[in-house]
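Heads up: numbering here begins at 1 and tracks the sequence. Both ligands and their constituent atoms are indexed starting at 1 by order of listing.
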Amino acid sequence: MTEQTVFHLGVNLSDLEGATMAIIPGDPARVEKIAALMDSPKFLASHREYTLFLGKLDGQSVVVCSTGIGGPSTSIAVEELAQLGVRTFLRVGTTGAIQPHINVGDIIVTTGSVRLDGASLHFAPMEFPAVSDFDVTTVMKQAADESGAAVHTGVTASSDTFYPGQERYDTFSGRVRRHFQGSMEEWQAMGVLNFEMESATLLTMCASSGLKAGCVAGVIVNRTQKEIPNPESMAETEARSIKVVVESARKLLNA
Ligand SMILES: O=P(O)(O)O[C@H]1O[C@H](CO)[C@@H](O)[C@H]1O
Ligand SMILES: O=c1cc[nH]c(=O)[nH]1
């Protein structure tokens with residue numbers, strides 16, 4: 001562990017006040033909203049896509065740090081937080097469901113991810129599973145159930161790209177590589193629940209490095225119905241998933 005300021009996050013060991021748990025949303029704007037649900041929220045730093053706050057839950061420090069979008073920036077956040085003593089990572093994100101029975105506003109708890117990323121290969125070969133930590137997942141499921149939302153647990157497809165990798169044709173070119181054409185239908189047939197962009201890297205990196213990680217996400221769009229989310233329901237869903245992740249952190253700290 002280092003008293004030096006780490007390379008990208010702009011914080012050092014003392015700043016984290018002994019935190020061993022991090023809540024990691026993709027969006028920097030979500031960080032303060034998460035910290036606001038904790039005691040004594042405190043701004044730590046903001047560089048590039050990384051905004052950090054520290055808060056207390058039942059007297060214990062928890063750091064909140066955005067990862068930005070995608071695996072490479074997520075791997076940097078996780079690495080540098082781990083250098084500073086963090087051992088448990090709770091991702092909270094937004095997601096697009098791909099199963100028709102999943103509704104906007106529902107919560108998805110990822111048990112494992114399809115590795116449609118590149119960064120996870122820098123930590124473990126493709127044969128290694130992008131699997132969530134069992135204890136973290138169990139607690140996330142409990143907290144999500146208690147929130148009153150409809151909750152789905154299962155496999156997430158985690159892609160480096162938002163457009164071709166998630167088979168979106170509503171682009172300027174309308175072009176999706178042959179490799180990904182029909183991929184959404186194939187994931188659906190395999191029972192995959194949703195698309196997002198960080199869990200493959202996060203879960204592979206943590207599972208192969210002695211770190212614990214889990215991923216909870218609020219459904220902001222259902223790809224079997226439409227492509228663009230509604231901003232109002234999106235804010236509501238974000239607020240719900242934030243409450244679930246903070247409650248998950250509290251439960252894990254008190255376990
Ligand atoms: O809302 P966040 O946490 O950023 O998560 C999802 O939203 C982004 C894409 O819009 C990707 O980061 C995806 O994983
Ligand atoms: O469809 C979606 C929605 C949010 N995030 C994603 O990566 N995909």
Side-chain angles (χ1 to χ4, degrees), residues 22-35 48-53 64-78 89-100 102-110 113-120 130 132 140 152 155-171 176 180 183-185 187-188 192-205 213-231 233-246 248:
I23 295 178
I24 52 169
D27 184 357
R30 203 174 299 143
V31 172
E32 188 167 2
K33 297 176 193 169
I34 296 168
R48 299 176 184 250
E49 57 268 74
Y50 306 115
T51 293
L52 291 93
F53 271 69
V64 188
C65 173
S66 52
T67 61
I69 290 182
S73 61
T74 299
S75 74
I76 290 173
V78 171
F89 294 85
L90 312 184
R91 167 166 156 72
V92 57
T94 56
T95 191
I98 63 171
Q99 295 292 343
I102 301 180
N103 295 309
V104 167
D106 291 0
I107 297 284
I108 293 178
V109 178
T110 298
S113 293
V114 183
R115 292 171 60 185
L116 302 177
D117 69 324
S120 69
S132 304
M140 281 179 159
H152 311 270
V155 177
T156 292
S158 186
S159 162
D160 266 348
T161 53
F162 184 79
Y163 290 100
Q166 300 185 23
E167 208 188 348
R168 280 191 159 88
Y169 295 96
D170 59 334
T171 57
V176 170
F180 290 114
S183 61
M184 189 165 103
E185 194 179 71
W187 301 131
Q188 285 166 335
V192 172
L193 302 179
N194 61 316
F195 276 126
E196 58 78 81
M197 300 178 65
E198 293 77 24
S199 63
T201 305
L202 171 71
L203 300 178
T204 305
M205 177 179 182
C215 176
V216 63
V219 176
I220 57 166
V221 69
N222 185 307
R223 298 285 310 286
T224 66
Q225 292 151 19
K226 64 193 267 209
E227 296 291 347
I228 309 280
N230 163 319
S233 68
M234 202 163 139
E236 231 173 81
T237 304
E238 186 195 45
R240 183 172 303 141
S241 57
I242 284 175
K243 278 193 197 146
V244 169
V245 81
V246 171
S248 304

message: Given 3.5 Å as the limit, does a donor-acceptor pair link the side chain of Ser113 with the main chain of Ala130, or not?
response: no

field: Distance filter under 4.0 Å to Thr94 heavy atoms, resulting ligand 1 atoms
entry: 1 (O), 2 (P), 3 (O), 5 (O), 6 (C), 7 (O)

- prompt: Does an N or O from Phe162, backbone or side chain, lie closer than 3.5 Å to an N or O of ligand 1?
  reply: no

message: Need the ligand 2 atom indices (1-based, order shown) with element for anything under 4.0 Å from a heavy-atom of Thr94.
response: 4 (C), 5 (N)

- prompt: Taking heavy atoms and a distance under 4.0 Å, where does Thr95 meet ligand 2: side chain, backbone, both or neither?
  reply: backbone

- prompt: Among protein heavy atoms, which lies nearest atom 12 (O) of ligand 1, and at what distance?
  reply: Glu198 OE2, 2.5 Å

task: Within a distance under 4.0 Å of any heavy atom of Val92, pick out the atoms of ligand 1 and give their elements.
output: 3 (O)

- prompt: Which of the atoms in ligand 2, numbered in the order shown and given with their element, are less than 4.0 Å from a heavy-atom of Gln166?
  reply: 1 (O), 2 (C), 6 (C), 7 (O), 8 (N)

- prompt: So is Glu227 in contact with ligand 2, going by heavy-atom distances below 4.0 Å?
  reply: no

statement: Output for pair (Asp170 CG, Lys226 NZ), nearest 0.5 Å, gives 12.0 Å

- request: For atom 1 (O) of ligand 2, grab the closest protein heavy atom and report residue, atom and distance to one decimal in Å.
  value: Arg168 NH2, 2.7 Å

query: How many angstroms lie between CD1 in Ile34 and OG in Ser66, if you round to the nearest 0.5 Å?
result: 9.0 Å

query: Is it true that Glu238 lies under 4.0 Å from ligand 1, counting heavy atoms only?
result: no

message: To check you understand the geometry: which heavy-atom pair defines the closest contact between Gly70 and Glu198, and what is its length?
response: N-OE2, 2.8 Å

- line: ligand 2 to Val221, heavy atom cutoff 4.0 Å, flagged ligand atoms 1 (O)

message: So that I can tick it off, tell me whether Arg91 and Glu196 are bridged by a salt bridge, with the cut-off set at under 4.0 angstrom between side-chain N and carboxylate O.
response: yes

field: Reported OG1-to-CE distance for the pair Thr224 and Met184, which is rounded to 0.5 angstrom
entry: 7.0 Å

message: Within the 4.0 Å heavy-atom shell around Glu196, which atoms of ligand 1 are there?
response: 14 (O)

- prompt: Cationic tip of Arg168 within the cone over Phe162's six-membered ring, i.e. under 6.0 Å and within 45° of the normal?
  reply: yes

field: Under 4.0 Å to a heavy atom of Phe195 - the qualifying atoms of ligand 2, by number
entry: 6 (C), 7 (O), 8 (N)

task: Consider only side-chain N and O atoms of Asp117 and Ser158, and report whether a donor and an acceptor are under 3.5 Å apart.
output: no

- prompt: If you draw a 6.0 Å radius around CZ in Phe180, do more than 12 non-hydrogen atoms from other residues or ligands fall strictly inside?
  reply: yes

- request: Check for a donor-acceptor pair, side chain of Asn222 on one end and backbone N or O of Gly96 on the other, with a separation under 3.5 Å.
  value: no

field: Distance filter under 4.0 Å to Met197 heavy atoms, resulting ligand 2 atoms
entry: 7 (O)

- prompt: What protein heavy atom sits nearest atom 5 (O) of ligand 1, and how far away is it?
  reply: Arg91 NH2, 3.0 Å

query: Under 3.5 Å between some N or O of ligand 1 and some N or O of Gly26?
result: yes

